[in-house]
Amino acid sequence: MQIETSQSSEEILLQLKNELIKAGEGDGRYFRVFNLSSVKAAGLSADSRMVVLRAFNDEWEFEFYTDIRSSKIEQIRTCPKVSALFWDPENRIQVRIDAESSVHNRDIISEEKWSLVQGDAQKAYTSLVAPGTPIEKPGEAHKWPEVFSSDYFSVVRCAANNIKILQLSGREHLALEFRRNKIKSAWIGKWIAP
Ligand SMILES: Cc1cc2nc3c(=O)[nH]c(=O)nc-3n(C[C@H](O)[C@H](O)[C@H](O)COP(=O)(O)O)c2cc1C
């Protein structure tokens, strides 16, 4: 996507949403992988890591998959406020989306999504040794049960409430901010100084 100064904030938001929906379907070029930040240790610091965008819908809700034993889960359960950072290097666009997240494990949502995770991809959520466990040698972590189960597979669903877009364009960078109070309410957007 490319932002033009002649566009309205509504047009830009719609354009962005369509890019993110495509990325969630595995079709987009750049927004498929993003940085997810969560609050760590009772708000004393933040943790960031890359995750894959698995779905993005019309209501600005998006999902990624993870192992329920990973440290991000405890952080999100303690503080559901997360920040997702996307980067399109071709158009030099950074998008930061703040969201309220919820964790789905061993429920209808996670079971439905687990059915889409096929073959070796299931290994990312079924290791015998929990993510983050100290080990003596790398091979110790490369062990899986004979039958893969969805016990540790989790879907983190995030509902966006704030969006900041920055497009680097020479010296005349462009930036916008959008806010909404709750999911399904209208976005209020404005240009901001980059
Ligand atoms: C390109 C890339 C994509 C990744 N995608 C995921 C993902 O979709 N889900 C996930 O749990 N970890 C993913 N990871 C691994 C995480 O970045 C992280 O190392 C791991 O989940 C443990 O994070 P935590 O200890 O902060 O919970 C990915 C890493 C990279 C480099």
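Whatever order the structure lists them in is the order used to number ligands and atoms, beginning at 1. For the single chain, residues carry numbers from 1 onward in sequence order.
In terms of protein heavy atoms, atom 23 (O) of ligand 1 is closest to K72 NZ, 3.3 Å. What sits closest to atom 9 (N) of ligand 1 on the protein, heavy atoms only, is Y65 O, 2.8 Å. Remark: minimum distance from atom 19 (O) of ligand 1 to any protein heavy atom is reached at R49 CB, 4.6 Å.
In this comparison of N35, L53, V51, L36, the heavy atom closest to atom 6 (C) of ligand 1 sits on V51. Here atom 15 (C) of ligand 1 lies nearest to M50 when heavy atoms of K40, R32, E74, M50 are compared.
Shown in contact with S70 at under 4.0 Å from a heavy atom are these atoms of ligand 1, numbered in order with element: 27 (O). Near T66, meaning under 4.0 Å from any of its heavy atoms, are these atoms of ligand 1: 10 (C), 11 (O).
A donor atom on one side chain and an acceptor atom on the other are not found under 3.5 Å apart for R69 and T133.
For ligand 1, the polar-atom distance check finds no N/O of D47 at less than 3.5 Å from any of the ligand's N/O atoms. Backbone and side-chain nitrogen or oxygen atoms of V52 are examined, and one is located within less than 3.5 angstrom of a nitrogen or oxygen of ligand 1. Residue V33 places no N or O, backbone or side chain, under 3.5 Å from any N or O of ligand 1. Between S71 and ligand 1, at least one N/O pair is under 3.5 Å apart.
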Taking only distance into account, with no hydrogens and no angle test, what donor-acceptor pairs under 3.5 Å do side-chain atoms of residues 182-194 form with protein atoms, sequence neighbours excluded?
from: S185; atom 1: OG; to: K182; atom 2: N; distance (Å): 3.3
from: S185; atom 1: OG; to: K182; atom 2: O; distance (Å): 2.5

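Ring centroids of Y152 and Y125 are separated by 6.0 Å or more, keeping the two rings apart. Residues F153 and Y65 place their aromatic rings such that the two centres sit under 6.0 Å apart.
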**Request:** Determine, step by step, whether E177 and N162 satisfy the side chain to side chain donor-acceptor pair (under 3.5 Å) criterion, reporting the C-alpha distance in whole Å, the side-chain angles of both residues, the deciding distance to 0.1 Å, and the verdict.
**Result:** CA-CA 7 Å; E177 180 170 17; N162 186 286; 3.1 Å; yes

**Asked** Going through the distances and angles, do D88 and R29 end up as a salt bridge (charged side-chain N to carboxylate O under 4.0 Å, His left out)?
**Response** CA-CA 8 Å; D88 167 352; R29 288 193 70 186; over 6 Å; no

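Residue K17 qualifies as enclosed at atom NZ: its count of foreign heavy atoms under 6.0 Å is above 12. Within a 6.0 Å sphere centred on CD of Q2, heavy atoms belonging to other residues, nucleotides or ligands number more than 12.
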